[in-house]
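Small disclaimer: the values here were computed from a predicted structure and weren't measured. Atoms considered below: every heavy atom in the structure, side chains included; atoms not considered: hydrogens, waters and symmetry mates.
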Amino acid sequence: MTDERWHLEDRREFLLRSLDDADREHDAGDLGDDDYRVLCRRDQELLADVEARLAELAAPSSGDAERTDEPTATEGPEREHRPRSLLRRLLLRRRKWMLVAGVAALVAAMVLLLVDVTAPRLPGQSATGSITLRGKALITQQVAQAATLVSEGHVVTALELYEKVLSENPKQPEALAEGGWLEWQTGSQTHDAALESAGQAMVTRATVVDPGFYAGHLYLGTIELLGADDPSAAVHEYQALLSEHPPAASLASAAGDIRQAFTDAGLPVPAGVPEPKGGS
C-alpha cells in the first residue's frame with residue numbers, strides 16, 4: 001500500500017510538471033495549438049486517473065468486509081465515466097494487438113532500424129542491465145531496453161517502459177518520439193483517433209525539445225504523409241531529417257515515403273535519397 005501510494009504521488013508530480021512544460025512551450029510558440037490541446041488532454045486524463053486511485057487509497061477501509069463484487073448506486077457511474085488513460089486503453093487492447101501485430105513491412109522496418117541507432121549498450125553493461133545505474137545512464141539503458149522490446153514484438157511492454165522514462169524526464173526525445181510513434185501506429189491500426197492524435201503530439205513534442213533528433217522528423221514526416229495525407233507537411237519534416245544526415249539504413253528504409261512526399265508535393269526528389277528497394 002505504501003509503495004503504491006509513493007508511486008502514484010510520484011506519477012502525479014511528473015504529470016503536473018509535464019503540464020507546466022507544455023504551457024511554457026505553448027506560450028513560447030514552440031508547441032502549436034492543436035498539439036498543445038492533445039498533450040494537455042492526455043496528461044489531464046492520466047492525472048485524473050492517478051487522483052482517483054489516490055482517493056481510493058485514502059478512503060476508509062472499515063466497510064471493506066461488507067462490500068461485494070456488485071457496484072453500488074454511486075460507485076457504478078463514477079467508474080463508468082472515469083477518464084481512462086491512453087496507456088490503460090493500450091493495455092486493455094493487448095489481445096487485439098496480438099491480432100493486428102502484423103504491421104506493414106515498411107512500418108516494421110522503420111521501428112526495427114531504430115534499435116541499432118537509439119539503443120546503444122552502455123560500457124560494461126550486461127544483457128540484463130544493471131540496477132545500480134542512475135540518472136542519464138539509467139534512462140539510456142531504459143530506452144535501449146524499450147527498443148529491444150519493440151524489435152521482439154513486445155510493443156505494450158515497450159510503451160510502459162517509454163512512459164517510465166518520461167516520468168523521469170518528460171523531455172527525453174527518444175522516448176517521446178518512439179513512444180509517440182508506437183501510439184500513433186496503434187491508433188492507426190485500431191482506428192482510435194485519440195491514440196493517433198496523442199501519438200502525433202508526442203512525436204511533434206520530440207522535434208520541439210530536440211530539433212536535431214532525426215528520428216522525430218522521420219516519424220512526423222511519415223505521420224503527415226500516411227496519416228494526414230499532407231505531402232507538403234511531410235516534405236518539411238523530411239527536409240529536416242535530411243539536414244541531420246541520418247544513418248544510411250534509416251534513409252533507405254524511408255526512401256519510398258520520402259520520394260512519394262516530394263513527388264506528390266510537386267518537388268524534385270533530393271539527390272541523396274536512394275531508390276527504394278525493389279523499385280525504380
TODO: Answer yes or no: are there more than 12 heavy-atom neighbours, outside His236 itself, under 6.0 Å from its atom NE2?
DONE: no
Open item on the list: I need the minimum non-hydrogen distance between Phe213 and Glu174, along with the two atoms involved.
Closed with: CZ-CG, 3.6 Å
TODO: Return yes if some donor-acceptor pair links the side-chain N/O of Thr190 with the main-chain N/O of Thr186 below 3.5 Å, else return no.
DONE: yes
Open item on the list: Do Asp257 and Leu226 have side chains that approach each other closer than 4.5 Å (heavy atoms only, starting at C-beta)?
Closed with: yes
TODO: Could you tell me whether the side chain of Pro246 reaches within less than 4.5 Å of the side chain of Leu218, counting heavy atoms only?
DONE: no
Open item on the list: Would you say that Gln200 contacts Glu183 through its side chain, given a criterion of any heavy-atom pair below 4.5 Å between the two side chains?
Closed with: no
Open item on the list: Atom CG of residue position Asp229 - does it have more than 12 heavy atoms of other residues, nucleotides or ligands inside 6.0 Å?
Closed with: no
Open item on the list: I need the Glu163 CD to Leu159 CG distance, nearest 0.5 Å.
Closed with: 8.5 Å
- [ ] Find out whether Tyr214 and Pro247 are in side-chain contact, i.e. whether some heavy atom of one side chain is under 4.5 Å from a heavy atom of the other.
- [x] yes
Task: Contact summary for Leu176 and Pro170, nearest pair of heavy atoms - done: CD1-O, 3.7 Å
Open item on the list: According to a hydrophobic-cluster definition based on side-chain heavy atoms being under 4.5 Å apart (Ile, Leu, Val, Met, Phe, Trp, Tyr only), do Phe262 and Leu251 belong together?
Closed with: yes
TODO: Decide yes or no for Pro231 and Gln260: does some side-chain heavy atom of the first lie under 4.5 Å from some side-chain heavy atom of the second?
DONE: no
TODO: Heavy atoms only: give me the nearest Pro274-Ala255 pair and the separation to one decimal.
DONE: O-CB, 3.3 Å
Task: Side-chain donor/acceptor of Thr207 to backbone N/O of Thr204, under 3.5 Å - done: yes
Task: Side chain proximity check, Leu182 to Tyr162, heavy atoms < 4.5 angstrom - done: yes
TODO: Measure the spacing between CD of Glu51 and CD of Gln44 and express it to the nearest 0.5 Å.
DONE: 12.0 Å
TODO: Check whether any side-chain heavy atom of Val235 lies under 4.5 Å from a side-chain heavy atom of Ile258, and answer yes or no.
DONE: no
- [ ] Would you name the heavy atoms of Gly221 and Ala234 that are closest together and state the gap between them?
- [x] O-CB, 3.3 Å
Task: Pair Gln142, Glu168: side-chain N/O donor-acceptor within cut-off below 3.5 Å - done: yes
Task: Any side-chain heavy-atom pair of Thr148 and Gln145 under 4.5 Å - done: no
TODO: With rounding to the nearest 0.5 Å, note down the distance linking CG in Asn169 to NZ in Lys164.
DONE: 13.0 Å
Open item on the list: Do Val273 and Leu241 sit in one hydrophobic cluster, given that two such residues count as connected whenever their side-chain heavy atoms are within less than 4.5 Å of each other, even indirectly?
Closed with: yes
TODO: Rounded to the nearest 0.5 Å, what's the gap from NE2 on His154 to CG on Leu161? Could you check?
DONE: 12.5 Å
Task: Any donor-acceptor N or O pair under 3.5 Å, side chains Glu237, Gln239 - done: no
Task: Shortest non-hydrogen contact between Val203 and Ala177, atoms and distance - done: CG2-O, 3.5 Å
Open item on the list: Tell me the closest heavy-atom pair linking His217 and Ala240, and the distance in Å.
Closed with: ND1-CB, 3.5 Å
Open item on the list: Using a 3.5 Å distance criterion without hydrogens, assess whether the side chain of Arg259 forms a donor-acceptor pair with backbone atoms of Val269.
Closed with: no
- [ ] Indicate if Leu166 and Tyr36 have the same hydrophobic cluster label, given that clusters are the connected sets of ILVMFWY residues with side-chain heavy-atom separations under 4.5 angstrom.
- [x] yes
Open item on the list: Checking Tyr238 against Thr222: is there a side-chain donor and acceptor pair closer than 3.5 Å?
Closed with: yes
- [ ] Would you give the length of the straight line joining atom CZ of Arg37 to atom OG of Ser197, rounded to the nearest 0.5 angstrom?
- [x] 11.0 Å
TODO: Look up atom CG in Asp23 and atom NE2 in His26, then write down how far apart they are to the nearest 0.5 Å.
DONE: 9.0 Å
